[in-house]
Participant: 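Got a structure here, written out as structure tokens. Questions coming.
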Amino acid sequence: MDMDLSLMNKEQKKAIKTTEGPLLIMAGAGSGKTRVLTHRIAYLLGEKEVPSRNILAITFTNKAAREMKERVAALVGGGAASMWISTFHSMCVRILRSNINYIGYENSFSILDPTDQKSVIKDILKRRNLDVKQHNPRNIIGYISDKKNQLIKPDQAISEAASYPDTLYSEMYSDYQRILYRNSALDFDDLIMLTIELFDKEPKVLEHYQNRFQYIHVDEYQDTNHAQYRLINQLAKKYRNICVVGDSDQSIYKFRGADITNILNFEDDYPEATVITLEQNYRSSKNILDAANAVIENNTERKPKALRTARDGGPKLQLMVSDSERGEAETIIGNIQSLSDEHSYSDMAVLYRTNAQSRAIEDALVKSNIPYKMVGGMKFYDRKEIKDLMSYLKVILNPNDDISFERIVNTPKRGLGPKTIDKLKAHGQNTGISIFEAIKESDFIGIPKTAVVKLMGLVDLLEGLKHKSRFLTITELVDEVLKHSGYRKMLEGEKSIEATSRLENLEEFKTVTMEFDRDNEISDELLFTFLSDMALVSDQDSVEDDSGVTLMTMHASKGLEFKVVFVVGLEEGIFPSRRVAYDDRELEEERRLMYVALTRAEDRLFLSRANSRMIFGKTESNIQSRFLSEIPETLVEGKEAVGGSASDGMKKRSGKPKRSRVLTNNSGVTFSIGDKVEHKKFGDGIISGIKGEGDSQELDIVFTKAGVKRLLANFAPIEKKE
DNA sequence: GTCCGAATATTTTTT
DNA sequence: ATATTCGGAC
């Protein structure tokens with residue numbers, strides 16, 4: 001067995017060998033934490049002779065889980081098959097699959113994806129006669145997710161709701177949960193919450209898993225939410241062998257419930273804990289690391305930690321300033337091309353704050369014929385045809401899944417429109433049965449004869465497929481569905497480019513099912529296993545194409561590394577995002593995101609900003625990002641030249657004469673970033689951003705007393721000073 | 001029941 | 001700029 005620890009540093013060795021009791025590993029970026037984790041597991045297996053079934057390792061992504069499995073296997077050979085190395089969610093699915101009946105759910109439950117969630121919420125809004133425009137489903141889903149992450153059940157949410165809109169949202173949460181229950185459906189948050197509920201209600205089940213998982217590892221601990229925290233604590237309570245790894249400086253998922261205090265307070269939870277800090281960075285050159293350290297030091301909410309690197313200074317960081325997002329893209333492409341002698345494209349990545357920023361870069365890459373891959377664009381599994389097919393499979397497994405049933409009832413068109421479906425739904429709701437069951441009574445609820453016949457045909461189709469499903473592989477079942485539902489015929493009949501591509505995607509999907517069929521025998525559980533596997537994978541997992549420049553959001557880049565990294569759009573309002581720019585806590589999270597982005601780079605780091613860019617169809621100018629200002633000039637090539645003051649925004653603007661046709665307050669006045677102004681009511685302020693042109697131009701002004709306001713340049717009662 | 005054009009809303013999102 | 005969504009015409 002390859003358990004050569006001689007290449008490890010002192011802290012790493014200690015982390016590997018501290019197997020008993022709670023252990024907190026604060027692992028800085030690039031400090032080799034995966035290596036430590038995998039070696040620790042190998043050490044437990046090899047030296048400590050812990051049976052593999054007693055080890056649990058939890059990650060957030062399938063990719064991380066797969067990688068860890070492979071690396072452990074490489075260290076210990078086979079024999080680790082019965083070890084659970086999985087994500088939070090797939091662990092919970094496995095536990096719930098055999099135990100969810102204890103808490104009253106069907107064991108063939110479906111898993112809702114965000115699209116399904118949205119349609120449930122829309123249904124609820126409709127039934128409550130509420131306007132979707134006033135109540136954005138996203139907010140409601142966010143509310144529900146928050147509550148579930150806090151382990152707050154609907155009843156408690158209702159009684160605790162103090163004011164609007166919580167009073168309403170908590171009621172909708174209650175509706176939502178009732179609907180899911182009736183559909184035998186769980187959302188992602190339920191997987192965690194209900195596992196905890198199961199453990200609370202059935203101590204025997206909990207104890208079984210406590211005994212099984214005597215050594216627990218949690219990766220990316222800074223990203224755990226409260227529910228995940230509770231779950232881990234339940235499991236670790238008996239043996240207290242819990243090893244958590246994380247870096248509070250890389251906590252960037254607060255907006256989805258990640259609670260940074262879980263890692264910061266670990267020592268309070270486990271006073272006997274050993275704490276090890278890994279500060280030796282093996283990834284980046286010194287200049288890159290110095291820049292990252294300089295940025296993160298501006299955060300107050302952190303434990304001081306400074307990464308060291310054994311590598312030399314390396315080239316300086318390089319700042320690129322362009323006029324527009326197109327100019328930015330061209331500058332990047334220029335650098336990519338000149339670097340391509342030394343580096344392969346796959347060693348380069350372009351990181352941006354928002355997905356929308358990818359467009360300009362993508363365009364430029366296409367024009368230059370440079371291969372690239374984009375992470376997180378239009379997701380394969382989000383495509384309509386894939387979701388439709390999945391809905392057929394879900395209904396075959398669980399006919400009471402109204403959410404999926406509704407998706408397919410008229411796809412392909414069967415002449416079963418909203419009228420018919422509404423009647424079925426209303427009947428189902430009145431009598432507490434599913435749509436599928438309601439169909440059997442459709443004769444009596446005012447549905448026209450022709451529609452009844454069509455409904456019966458659909459029932460026959462689905463029941464026939466359900467019957468067959470027991471004897472077929474998933475690939476064969478998919479073919480049966482496509483054939484007998486008429487879905488394939490529908491697409492073939494369309495003859496459009498789009499339909500052709502949909503057909504191709506369905507074929508592509510079969511490579512996924514074939515892979516699944518290779519690993520799984522035909523059994524009664526096959527379809528359930530397939531669907532719950534599928535619900536928990538994302539495309540990031542399947543991107544195994546390692547040629548081409550990588551384009552992705554900074555969030556998506558966490559955990560990855562590249563020789564050459566471009567961090568783009570370093571402008572106030574873009575990054576940090578305008579929405580957080582004046583909230584200290586959220587600003588610190590943005591800064592951590594900057595830290596994550598910078599520390600992805602091994603050898604070369606390019607920073608880019610544009611003097612103006614098109615946002616939502618309007619041209620916007622913004623001053624350089626404060627995060628850029630926080631990097632010492634001595635580390636950056638090209639920074640001293642532009643200085644980073646707001647004046648370059650002015651330089652650029654002065655070339656373009658402004659005109660105003662309408663006589664207004666400020667017609668003919670040209671505003672530039674950095675201008676001092678006085679407002680009739682708000683007092684003194686400085687222009688921090690400009691949006692749009694001409695008559696509709698808007699100004700972001702930071703007022704000394706009144707905070708930030710966005711005002712119309714022409715009409716605001718402001719005067720330019722000096 | 002279906003289709004088309006206006007109205008609307010746009011951070012990030014490992015599962 | 002653009003994707004989605006909704007209302008009204010056919």
Participant: Considering every strand and a 4.0 Å limit on heavy-atom distances, what is the contact class for A:Lys254: base, sugar-phosphate, or nothing?
Facilitator: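 If one applies the 4.0 Å heavy-atom cut-off, A:Lys254 turns out to touch nothing in the nucleic acid.
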Participant: Under 5.5 Å between ring centres and under 30° between planes: does that hold for A:Phe255 against the base of B:dT12?
Facilitator: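 Aromatic stack with B:dT12 present for A:Phe255.
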Participant: From C-beta outward on A:Phe616, which listed nucleotide comes closest to its side chain: B:dT15, C:dT5, B:dT10?
Facilitator: B:dT10
Participant: In terms of ring plane angle, is the pair A:Tyr209 and A:Phe213 parallel, tilted or perpendicular, where the classes change at 30° and 60°?
Facilitator: parallel
Participant: Rounded to the nearest 0.5 Å, what's the gap from CD on A:Gln228 to CZ on A:Phe88? Could you check?
Facilitator: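 Those atoms lie 4.5 Å apart.
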Participant: Classify the nucleic acid contact of A:Asp189 as base, sugar-phosphate or nothing, counting any heavy atom under 4.0 Å across all strands shown.
Facilitator: nothing
Participant: Is there aromatic stacking of A:Phe60 on B:dT15 here, judged by a ring-centre distance under 5.5 Å and a plane angle under 30°?
Facilitator: no
Participant: Consider the side chain of A:Asn355, meaning its heavy atoms from C-beta on, and name the nucleotide among B:dT11, B:dT13, B:dT10 that approaches it most closely.
Facilitator: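 Looking only at heavy atoms from C-beta outward on A:Asn355, the closest nucleotide is B:dT13.
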Participant: If you pin A:Leu593 and A:Asn410 to their nearest nucleotides in DNA chain B, which one's is more 5'?
Facilitator: A:Asn410
Participant: When you get a sec, tell me which of B:dT10, B:dT11, B:dT14 is the closest nucleotide to the side chain of A:Asp223?
Facilitator: B:dT14
Participant: Between B:dT15, B:dT12, C:dC6, which nucleotide has the shortest distance from any of its atoms to the side chain of A:Lys122?
Facilitator: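 Nearest to the side-chain atoms of A:Lys122, counting from C-beta on, is C:dC6.
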Participant: Give a yes/no answer on whether the side chain of A:Arg359 brings an N or O atom under 4.0 Å of OP1 or OP2 in C:dA3.
Facilitator: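 Yes, A:Arg359 has a side-chain N/O under 4.0 Å of OP1/OP2 on C:dA3.
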Participant: Please determine whether a side-chain nitrogen or oxygen atom of A:Asn62 lies at a distance below 4.0 Å from atom OP1 or OP2 of B:dT15.
Facilitator: yes
Participant: Should the ring pair A:His135 and A:Tyr169 be called parallel, tilted or perpendicular, given that the plane angle runs from 0 to 90° and is split at 30 and 60?
Facilitator: perpendicular
Participant: Under the criterion side chain to side chain contact (heavy atoms under 4.5 Å, CB included), which of A:Asn107, A:Asp190, A:Leu191 is the partner of A:Leu96?
Facilitator: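 Going through the options one by one, the only one that passes is A:Leu191.
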